[in-house]
Amino acid sequence: MRVKKFTGKTIQEAVENLRQEFGRDAVILHTAQKRAWLWGRMGPKRYEVLGAFDPNYRAEGKNKNNSAERSRAAQAPGGEDSRPDPAWSQAVQSLCNRLIGADMPKDLAVQLLKEVLKGLPKEDWNEQAKLWQRLQEVTAQRIQTAEPWEFGGEQKVVALIGPTGVGKTTTIAKLAANFSLIAQRKVGLITVDTYRIAAVEQLKTYAEIMGLPLHVAYSPRELQEGLAKLKDRDLVLIDTAGRSQNNQLHMGELKHFFEDLEAEIHLVISATTKARDVDEIISVFGQLPIDRLIITKLDETSAYGVLLHTCQRAQVPIAFVTTGQGVPEDIEVADGARIAQLILGDT
């Protein structure tokens, strides 16, 4: 990997100099504003950008993307399994329409009901109560969940990643409050979200209220330094900047932070996300080794069919769900039966 400083009269000029030499796959490690004279106190301003470029990244990224596409194609519903059966009873057709109306993709709704019918004798296909009970069982079985962390003397390092606006910082605060104030664990916080001053200040406020140490990391090296300072903590929670799944430069920066770090990575997705966007988010953020899901903003939608779609695509368990802005109360350990109930609604 090549690392080099680039300068310019503006930050845009410095970044452009970086991209001209390293290309669009370059990673920005750090930015700074400096002056030329008297140890940086006087003189015209100039901007520095510390950039890095891995010559193998482009080929590696291409292979991973192709792999992700193949994986997604393998998982994507299609063919005979995704077509409604003309022999279905009116009750089954009604259930299918209901699932689609709850924002479940049609292909997934059809597959789910075909699995339901495999476990029922044909004479029960008109029995609404039996169909419903079996549908609840099948849906719950498809939702993997994870138990809360157990601390057997080993430190847990957990990073939250995900697109912008899904509530990562607030979720970090909820987790920190529950494990430090209620579970009486020693918790430390790190943020690498240095793009938004408001995000750093928000986490600082939470840390001060709870009496928790907070380390701000501008580079992978500073992230490692922060972990070293927090080595006495049972749980270290790492906040990251929201990244657009369409911005490969930002994703490259995120990968650079975690490529040499042993951490449990949680992908945070809002329950309001459309199924098509879920596919894109999981494909792009899946360039990192995702271990768990956190589903946020359950209170901001009334149609939950996309939750099952998210589980199917991610192929990792859901650890937590959030149900509002309240800290620490609006977070719950994920429960498959409860999520299935949300997806299906009332009978």
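All residue numbers in this chain count up from 1 along the given sequence. All of these numbers come straight from a predicted model, not from anything done at the bench. Any value given below was found using the heavy atoms of this structure, including those in side chains, with hydrogens, waters and symmetry copies removed.
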side-chain contact (heavy atoms from CB on, under 4.5 Å) assessment of I331 paired with L175: CA-CA 8 Å; I331 189 167; L175 291 170; 3.7 Å; yes
If only atom types and distance count, is the side chain of N17 paired as donor or acceptor with the main-chain N or O of T7 below 3.5 Å? yes
Assigning hydrophobic clusters by single linkage (Ile, Leu, Val, Met, Phe, Trp, Tyr; side-chain heavy-atom cutoff under 4.5 Å), is L298 placed with V327? no
Quick check: do V284 and Q287 have side-chain heavy atoms less than 4.5 Å from each other? yes
Taking L181's backbone N and O only, do any of them form a donor-acceptor pair with Q184's side chain (distance below 3.5 Å, no angle check)? yes
Minimum heavy-atom separation for R134 and Q141, please, with both atom names. NH1-NE2, 4.5 Å
Quick one: OG1 on T145 to CD1 on I339, what's the gap to the nearest 0.5 Å? 7.0 Å
Contact check, side chains of R292 and L267, non-hydrogen atoms, under 4.5 Å: no
For Q20, I'd like to know if atom CD has over 12 heavy atoms of other residues, nucleotides or ligands within 6.0 Å. yes
Between D277 and T273 (side chain of the first, backbone of the second, donor and acceptor by atom type, cut-off under 3.5 Å), is there such a pair? no
Do L223 and Y218 have side-chain heavy atoms sitting under 4.5 Å apart? no
Check whether any side-chain N or O of T322 sits under 3.5 Å from a backbone N or O of G324 as a donor-acceptor pair, and report yes or no. no
Nearest 0.5 Å, what's the CG-OH distance between L189 and Y206? 12.0 Å
Separation between CD (Q155) and CZ (R233), nearest 0.5 Å, reads 9.5 Å
Would a hydrophobic clustering, with Ile, Leu, Val, Met, Phe, Trp and Tyr connected at side-chain separations under 4.5 Å, put V278 with I100? no
Less than 4.5 Å apart, side chain to side chain, heavy atoms only: is that true for V236 and V158? no
Hydrophobic clusters here meaning ILVMFWY residues chained together by side-chain heavy-atom distances under 4.5 Å, can you tell me if I294 and L308 are in one? no
Are H309 and D103 linked by a side-chain donor-acceptor pair shorter than 3.5 Å? no
Do F258 and P220 have side-chain heavy atoms sitting under 4.5 Å apart? no
Would you check if the side chain of S89 reaches a backbone N or O of W125 as a donor-acceptor pair within less than 3.5 Å? yes
Where do R313 and D279 land on the salt bridge (Lys or Arg N to Asp or Glu O under 4.0 Å) test, with the steps shown first? CA-CA 7 Å; R313 285 292 185 266; D279 292 343; 3.1 Å; yes
Decide whether L261 and F257 are clustered together by the hydrophobic rule: side chain heavy atoms of Ile, Leu, Val, Met, Phe, Trp, Tyr closer than 4.5 Å, transitively. yes
Interatomic spacing from CD in E332 to CD1 in I295 - rounded to 0.5 Å: 13.0 Å
Can you confirm whether L112 sits close enough to T139 that some side-chain heavy atom of one is under 4.5 Å from a side-chain heavy atom of the other? yes
Evaluate whether atom CD of E123 has more than 12 neighbouring non-hydrogen atoms of other residues, nucleotides or ligands under 6.0 angstrom away. yes
Side-chain donor/acceptor of T240 to backbone N/O of D193, under 3.5 Å: no
Does E264, at its CD atom, have more than 12 non-hydrogen atoms belonging to other residues, nucleotides or ligands within less than 6.0 Å? yes
Under a 4.5 Å side-chain heavy-atom rule over Ile, Leu, Val, Met, Phe, Trp and Tyr, are I161 and V321 clustered together? yes
Can you tell if the side chain of D234 reaches within under 4.5 Å of the side chain of V187, non-hydrogen atoms only? no
Side chains of I269 and I282 in contact at under 4.5 Å (non-hydrogen atoms): yes
Pairwise distance NZ(K118) to CG(L113) - rounded to 0.5 angstrom: 12.5 Å
Audit row: D291, V316, side-chain contact (heavy atoms from CB on, under 4.5 Å) steps and yes/no: CA-CA 6 Å; D291 299 295; V316 295; over 6 Å; no
Is it true that D124 and K130 make a salt bridge, defined as a side-chain N closer than 4.0 Å to a carboxylate O? yes
Would you say K297's side chain and V166's backbone share a donor-acceptor pair under 3.5 angstrom? no
Looking only at the side chains, is there a donor atom on one of E127 and W132 sitting less than 3.5 Å from an acceptor on the other? no
With rounding to the nearest 0.5 Å, note down the distance linking CG in L95 to CG in L131. 5.5 Å
Taking the six-membered ring for Trp, are F320 and H266 parallel (under 30°), tilted (30 to 60°) or perpendicular (over 60°)? parallel
Ion pair present between K204 and E208, side-chain N to carboxylate O less than 4.0 angstrom? no
Between D239 and T169, is there a side-chain donor-acceptor contact under 3.5 Å, judged purely by atom types and distance? yes
